[in-house]
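Chain naming here is simple, since letters A, B, ... match the order of the sequence lines and numbering starts at 1 in each. In this text, all values refer to a predicted model and were calculated from it rather than measured experimentally.
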2 protein chains.
Amino acid sequence: MGRSYGGVAAEQRRAERREKLLRAALQLFTTTGFAQTKISQLCAEAGVSTRNFYEEFDSKEQVLLVLHDLINSLALQRVTDALAGLGDADAATRIATLLDAFVASVTSDPRLPRLNYVEAVGVNADLERQHLRWVVRWAEFIEAEARHAAAQGVAPDRSYRLTAIALVGAVTGLLREWQAHDPPLDVDEIAAEIRGLMFAAITRPA
Amino acid sequence: MGRSYGGVAAEQRRAERREKLLRAALQLFTTTGFAQTKISQLCAEAGVSTRNFYEEFDSKEQVLLVLHDLINSLALQRVTDALAGLGDADAATRIATLLDAFVASVTSDPRLPRLNYVEAVGVNADLERQHLRWVVRWAEFIEAEARHAAAQGVAPDRSYRLTAIALVGAVTGLLREWQAHDPPLDVDEIAAEIRGLMFAAITRPA
DNA sequence: TCCATCTGGTAATGGGGATTGTCAGATTAC
DNA sequence: GTAATCTGACAATCCCCATTACCAGATGGA
């Protein structure tokens, strides 16, 4: 079981196959489309046998679930890091930093927003639950920043729950269109629009 | 061919079956889910035969395409009507009227946003094209109102293209969450948030 | 009333693809 | 060097469901 083959441990070979499958899935799901992608295609693209597929995943849906979570987790990491290296800046700076880190993370590869905001929508109940968890998580992030701004006196003291959800939707919508438009929209302009919109949404009078 | 049966013209019976299929599709796509719905289920729910299905539609996808277009068209009609019966009011009133009409139309049945913003996403290229056309259409609507506001001097004279796309995303996001949340979000609060957000987005200084 | 025609439901067909069994080859321990 | 074991590719199986052929019954005209 734990015996090493070709000088490589079994566990490591499994991990590499998993990695290759995820990479292939990101590629095929965002070009062929999730529904149209066959497991056999996935395995061919990854250079792995169908047998191996079932050793790592239960279904195509589970691969998508993992990818969706990875993309969000990576973005969260980037945002958290960016905010951490900021000390205690003013609210406007924190918000700009947060948004820029998010946009930079998700636009680093056009396939990421495509997968997250198009292919992973409405697939099944599990994915919808995961989507909802992430929306709530991002919204709470934004809410926290809004309250921070309110504490500094640059925003009114009110509930920011719906504003936060709306802003998550605005960002999602822009990034979805970004990867769909031809000619493509300009990333810097999108980032600027998001910053301006969020600042205006939070600082508007109650 | 054109012979009447049971006192009902052939054309009318066709139209009724089509109607029943669309109704059944709206119900099943938003509960079972589009991908999980079988054509046989659809026919059973509608009370028609599979034969009849293929007389009206080429595929399940086409039914979804028609429903998606219907929901958007209905909302557009409502919005256009509301604005028409307004004379030349000020920009703020026009924007509030437009948004309220849209929200009222799409929230009149929770299945509508579910179908439009969850089930109809990422299904195939045809639907993505139709989605894009509607986003552009709604965005142009919003842009026009923003320019109107600028002409009245309540908003700066700038490009509102990205702002409009972002606002479409914000509305979409809120309505998507509205139908997903338990306990449900309050419709009036959502409408108020959308009005506030749009006004702030447009009137913010350039 | 009877026949030609139309209608719609049921059941057969066929294809596509997910899942699993098998086997030849590779690898390591002894 | 050899046997025992593990690995992964291929192919066979099986099932599900979209699509269509067929037929029994209904309908209206003559």
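Taking every heavy atom of residues 48-69 of chain A and every atom of DNA chain D, pairs under 4.0 Å involve A:Val48, A:Ser49, A:Thr50, A:Arg51, A:Asn52, by number. Residues from residues 119-127 of chain A placing a heavy atom under 4.0 Å of any atom in DNA chain D do not occur. At a non-hydrogen distance threshold of 4.0 Å, nothing from residues 22-42 of chain B comes into contact with DNA chain C.
A:Glu16 and A:Lys20 are not joined by a salt bridge, as no carboxylate oxygen comes within less than 4.0 angstrom of a charged side-chain nitrogen. With respect to the salt-bridge test (charged N to carboxylate O, under 4.0 angstrom), the residues B:Glu56 and B:Arg14 qualify.
Evaluation of the side-chain hydrogen bond (donor to acceptor under 3.5 Å, both in side chains) rule for A:Thr107 yields no partner, not counting sequence neighbours. Checked against salt bridge (charged side-chain N to carboxylate O under 4.0 Å, His left out), B:Arg147 has the following partners two or more places apart in sequence or in another chain: B:Glu143. Legend: residues meeting ring pair (Phe, Tyr, Trp, His ring centres under 6.0 Å) with A:Phe102, ordered by chain and number and at least two apart, are A:Trp138.
Sorted pairs that involve residues 68-81 of chain A and meet salt bridge (charged side-chain N to carboxylate O under 4.0 Å, His left out), not counting sequence neighbours, are lacking altogether. Pairs engaging residues 91-101 of chain B under the salt bridge (charged side-chain N to carboxylate O under 4.0 Å, His left out) rule: B:Arg94-B:Glu145, B:Asp100-B:Arg195 [sequence neighbours left out]. Annotation: salt bridge (charged side-chain N to carboxylate O under 4.0 Å, His left out) contacts involving residues 25-48 of chain B, sequence neighbours excluded, are absent.
Taking five base pairs at each end of the helix from C:dT1-D:dA30 to C:dC30-D:dG1, the local helix axes there meet at an angle of 10°, rounded to 10°.
Rounded to whole Å, atom P of C:dC6 lies 12 Å from atom CZ of B:Arg13. Spacing between atom CZ of A:Arg14 and atom C1' of D:dG8 amounts to 14 Å, rounded to whole angstrom units.
Side-chain atoms of B:Leu76 and B:Thr80, non-hydrogen and from C-beta on, do get closer than 4.5 Å to each other. You'll find the side chain of B:Arg17 reaches within 4.5 Å of the side chain of B:Glu55, heavy atoms only. At a threshold of 4.5 Å between non-hydrogen side-chain atoms, the residues A:Ile95 and A:Ile202 count as touching.
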Residues 179-190 of chain A, side-chain donor-acceptor partners within the protein, below 3.5 Å, at least two apart:
residue: A:Gln179; atom: NE2; partner: A:Arg176; partner atom: O; Å: 2.9
residue: A:Asp186; atom: OD2; partner: A:Asp188; partner atom: N; Å: 3.1
residue: A:Asp186; atom: OD2; partner: A:Glu189; partner atom: N; Å: 3.0

Taking only distance into account, with no hydrogens and no angle test, what donor-acceptor pairs under 3.5 Å do side-chain atoms of residues 118-126 of chain A form with protein atoms, sequence neighbours excluded?
residue: A:Glu119; atom: OE1; partner: A:Phe34; partner atom: N; Å: 2.9
residue: A:Glu119; atom: OE2; partner: A:Arg114; partner atom: NE; Å: 3.0
residue: A:Glu119; atom: OE2; partner: A:Arg114; partner atom: NH2; Å: 2.9
residue: A:Asn124; atom: OD1; partner: A:Asp126; partner atom: N; Å: 3.2
residue: A:Asn124; atom: OD1; partner: A:Leu127; partner atom: N; Å: 2.9
residue: A:Asp126; atom: OD1; partner: A:Arg129; partner atom: NH2; Å: 2.7

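Taking only side-chain nitrogens and oxygens, A:Arg17 never comes nearer than 4.0 Å to OP1 or OP2 of D:dT7.
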